[in-house]
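For reference, the structure discussed in these notes is given below.
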4 protein chains.
Amino acid sequence: MTVTDARRVARRDKRRVILDAAAPIFGDEGYERASIDAIATAAGVSKPTIYSYFGGKEQLFRESVADSAVQQNAQVLEVIQRLDLSAQGWLASLRDLAMKLTECQRTPCAVFLARMIAAETARDPEVYRVVRVKAATPILEALAGRLAMLGNAGHLIVPDPALAARQFLALISAEIAELTEHGTRPVSDERVRAAVSAGVDTFLRAHAQASR
Amino acid sequence: MTVTDARRVARRDKRRVILDAAAPIFGDEGYERASIDAIATAAGVSKPTIYSYFGGKEQLFRESVADSAVQQNAQVLEVIQRLDLSAQGWLASLRDLAMKLTECQRTPCAVFLARMIAAETARDPEVYRVVRVKAATPILEALAGRLAMLGNAGHLIVPDPALAARQFLALISAEIAELTEHGTRPVSDERVRAAVSAGVDTFLRAHAQASR
Amino acid sequence: MTVTDARRVARRDKRRVILDAAAPIFGDEGYERASIDAIATAAGVSKPTIYSYFGGKEQLFRESVADSAVQQNAQVLEVIQRLDLSAQGWLASLRDLAMKLTECQRTPCAVFLARMIAAETARDPEVYRVVRVKAATPILEALAGRLAMLGNAGHLIVPDPALAARQFLALISAEIAELTEHGTRPVSDERVRAAVSAGVDTFLRAHAQASR
Amino acid sequence: MTVTDARRVARRDKRRVILDAAAPIFGDEGYERASIDAIATAAGVSKPTIYSYFGGKEQLFRESVADSAVQQNAQVLEVIQRLDLSAQGWLASLRDLAMKLTECQRTPCAVFLARMIAAETARDPEVYRVVRVKAATPILEALAGRLAMLGNAGHLIVPDPALAARQFLALISAEIAELTEHGTRPVSDERVRAAVSAGVDTFLRAHAQASR
DNA sequence: TATGAATGAGATTTCATTCAT
DNA sequence: GATGAATGAAATCTCATTCAT
């Protein structure tokens, strides 16, 4: 490995350290309240270092959002790909998928993304766009694909898989915000499971085969 | 009318003027970026006047949220109460209700509330709570009541009206965020109508009578 | 009593009420920190009333100082006039006078005056001047007169009574500031008495007749 | 000298510059009227620099008082240590000491301290305490020690040196406040000398050997 | 390259003072 | 004559950003 390579790796490492420090602070405080000072301290670097790596607060923020979106995407895609399509297993596996997706949504990373989209998209539409490109769309497409497979296999009626995917996500989280008081109250897994299940039930009823 | 009454009215009017000026600024800029200066200028009063009426930025913000929640509640409740329960009318009226609710959700007032809940609840959980008490819960209960009536009338199967209400709202807005790119892009009524309709369709399929 | 007279009395009463409210607030907070609002509330009147009676904060302050000086003067003069000049009584009476003067110095009114002179004379020399005219000089002259009488009576040697008066006051308070930590600590009468007595002793030694 | 050392020196220098700028402004204006802006301008630095060095107005004030107390202490201790104890010299030297102490008391630094104690101790008792620890007590002890030496040498009768020290200071300044109208009027050295001398005379009479 | 030091700009908040009733 | 309401001006303090080492 050459000296230059070593430097490039060091750079990448420090980028990672800064991004990992930035996300929870942006997530907890919001864009405005989050101070570069706090991020620098948390990352164990000095402020000018952050400026040299990212250029400014806004850019750091965007990269932080994009980075979280990528992480979120990877996590969720893996979950989706595990859906069992077999005749015996698909139903239980779909319920399981719903729970796993809900867990992913309650990850600090996902909470951060959701908050930033809601809070900062009006100020900077790029925030929404980057999350859509790096997470929302791939996730929806993957989920739509899997639901289509369930349709093809004759387990469900899925005339519009993309729509079904969106509705699936909407239904399984329909009760979550109220249940957790927007993330300000801890809730037992039991109750989360019940809420998610109710969403899956409705989804299944809406897409059931006539015979069922 | 006595002098005191006149003063009380003047006070109330000025409160209104300030609240009306504050909501869009908080909504556009978020709590931190919104400056008292800007709100004062928009309201046509001086900064100290705002402090004398509301005590401080945080209190003004809370009152602004509460005020918007009350307005939102009034608007939505009126829409819900217009649901036609008759055998011939209920289906078209339910579709119409879904559209009207969606319109209410895209009102500046509702956009403001949604953004503030997402952005500021982590900082101040009271934000979520006041909106729940003054808007979310009454709206859900009213909607649940109406859906129950549709159940009683034999038009739909509604074993859990409160759940059905939440899912109804979730389904009709499942596609809206993506469609409008989180409110950053204008969208034709046509496309909104299609998105809402798809949600209603799914809801109906999930709650259909066996005979249908 | 005519209507006009009644009004004049009412005016004087309200002046008194305001002055009585102002002195402790100025005394506790200092000129800058004391707010007209607080004084108005304490006096049970509105701010504009204070402005109509006194013209402004600075004038209210000056009148408050002058008023306290007059009160202080009256109190102290009465104490001084009670000095017993008789051969048997003068010594005990002088000790008693020293204690009474010290008590007068620890009165809220006197503490207020002392603080205001030290704190505000640099900003407004008139503060010192008015206290000197209305309190310090009359008090010193009265005390000097009494000490001269003790000299004439042959009890003490007092070649310069005015100087002796100043030194008497200086000596009896030489230990007080340290003892009370500048008024921030309560101290037993016992210890105050001892400190004052030590001052009187020194004074007596310095002005003793040869025979003593 | 390393880079770190150079920085540490630079920091210390800038601290000094700020403290030197702050003392006269606090002294002239008092705590409340003194503005950080004015101090920053006088020191030739920006406001945030002051905040980074001292944390806030209150802390800057305390450090300013402590710093002045240390300076005052150094100055006065040096004067006291010069007291000549020899049989031929002590009397003239004591008179000289009294004058020098009076000059020290009229220094801007001492005026600042006296004013701040009187004006701000009620708000923050720490002000008095720090001055006592860093200046008043050491000075009194040093003076008491010297007076005790005069007693040991048989020049004066000094049964309680600490008390004698306090009274000495009280007597030599008994006339100063009135003479200078609390520092608002310039006074000839001649008159100051006479006032101080009168205090020393009384002190000497009170502590004279029987033979004298 | 990385950093300690410094700052310009702007935020909230307070207060003495005046106006209109 | 007395007051509720309103405001201009100024205070403290914070922060993103840059410079010099």
Side-chain angles (χ1 to χ4, degrees), chain A residues 7 10-11 14 31-40 44-61, chain B residues 2-4 6-8 10-11 13-14 31-40 43-60, chain C residues 7 10-11 14 31-40 44-61, chain D residues 2-4 6-8 10-11 13-14 31-40 43-60:
Chain A
R7 274 189 187 146
R11 270 198 81 82
K14 206 164 266 193
Y31 177 77
E32 290 293 334
R33 286 175 95 85
S35 85
I36 295 280
D37 237 333
I39 293 170
V45 301
S46 71
K47 272 188 290 184
T49 300
I50 292 183
Y51 279 83
S52 99
Y53 275 79
F54 293 92
K57 191 183 188 181
E58 182 65 34
Q59 285 119 299
L60 170 60
F61 175 69
Chain B
T2 69
V3 169
T4 307
R7 276 187 184 148
R8 213 173 294 152
R11 271 199 83 83
D13 286 356
K14 202 159 272 191
Y31 178 77
E32 291 293 334
R33 282 178 99 84
S35 82
I36 296 282
D37 233 336
I39 293 170
V45 301
S46 71
K47 267 184 294 182
T49 299
I50 291 184
Y51 279 86
S52 109
Y53 275 78
F54 294 92
K57 190 183 187 182
E58 182 67 34
Q59 284 124 298
L60 171 59
Chain C
R7 278 192 185 142
R11 270 198 80 83
K14 206 164 266 193
Y31 177 76
E32 290 294 333
R33 284 176 96 85
S35 84
I36 295 281
D37 236 333
I39 293 170
V45 301
S46 71
K47 271 188 290 184
T49 300
I50 292 183
Y51 278 83
S52 99
Y53 275 79
F54 293 92
K57 192 183 187 181
E58 183 65 34
Q59 286 118 300
L60 170 60
F61 175 68
Chain D
T2 70
V3 169
T4 308
R7 278 187 183 146
R8 212 172 295 150
R11 273 198 82 83
D13 285 356
K14 202 158 273 190
Y31 178 77
E32 290 293 334
R33 283 176 97 85
S35 84
I36 296 281
D37 236 335
I39 293 170
V45 301
S46 71
K47 264 185 295 182
T49 299
I50 292 183
Y51 280 86
S52 109
Y53 274 78
F54 293 92
K57 191 183 187 182
E58 182 67 34
Q59 284 124 297
L60 171 59

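Proteins come first, then strands; the chains are lettered A, B, ... in the order of their sequence lines, and each starts at number 1. Quick caveat, the model's predicted, so the values are computed rather than measured.
Whole-Å rounding puts the B:F54 CZ to F:dA5 P distance at 14 Å. Between the NZ atom of D:K14 and the P atom of F:dA20 there is a distance of 13 Å, given to the nearest Å. Taking atom CD1 of residue A:I50 and atom C1' of nucleotide E:dT1, one finds them 15 Å apart after rounding to whole Å. Taking atom CD1 of C:I39 as the reference point, atom P of E:dT14 lies 18 Å away to the nearest angstrom.
Residue D:K14 comes nearest to D:Y53 through the heavy atom pair CB-OH, 3.5 Å, listed as atom of the first residue, atom of the second, then distance.
In this structure, C:T49 does not reach the F:dA2 phosphate: none of its side-chain N or O atoms is under 4.0 Å from OP1 or OP2.
Within the structure, salt bridge (charged side-chain N to carboxylate O under 4.0 Å, His left out) contacts touching residues 44-56 of chain C (residues at least two apart or in different chains) are C:D37-C:K47. For residues 49-59 of chain A, every residue pair satisfying the salt bridge (charged side-chain N to carboxylate O under 4.0 Å, His left out) rule, not counting sequence neighbours, is listed here: A:E58-A:R62, A:E58-A:R123.
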Going 5' to 3' through nucleotides 8-13 of chain F, assign each nucleotide B (protein heavy atom under 4.0 Å from a base atom), S (under 4.0 Å only from sugar-phosphate atoms) or - (no protein heavy atom that close). B-BSBB

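Evaluation of the side chain to side chain donor-acceptor pair (under 3.5 Å) rule for B:S46 yields B:T49 as partners, not counting sequence neighbours. The side chain to side chain contact (heavy atoms under 4.5 Å, CB included) check on C:A34 picks up C:I25, C:F26, C:E29, with sequence neighbours excluded.
Every stem involving DNA chain F, taken as at least 3 paired positions in a row under the Watson-Crick or G-U wobble test at 3.5 Å, is listed here: E:2-21 with F:2-21.
Comparing B:S52 and C:S52 by the nucleotide of DNA chain F whose heavy atom lies nearest to each, the residue mapping closer to the 5' end is C:S52.
Rounded to the nearest 0.5 Å, atoms CD (D:E32) and OH (C:Y31) are 12.5 Å apart.
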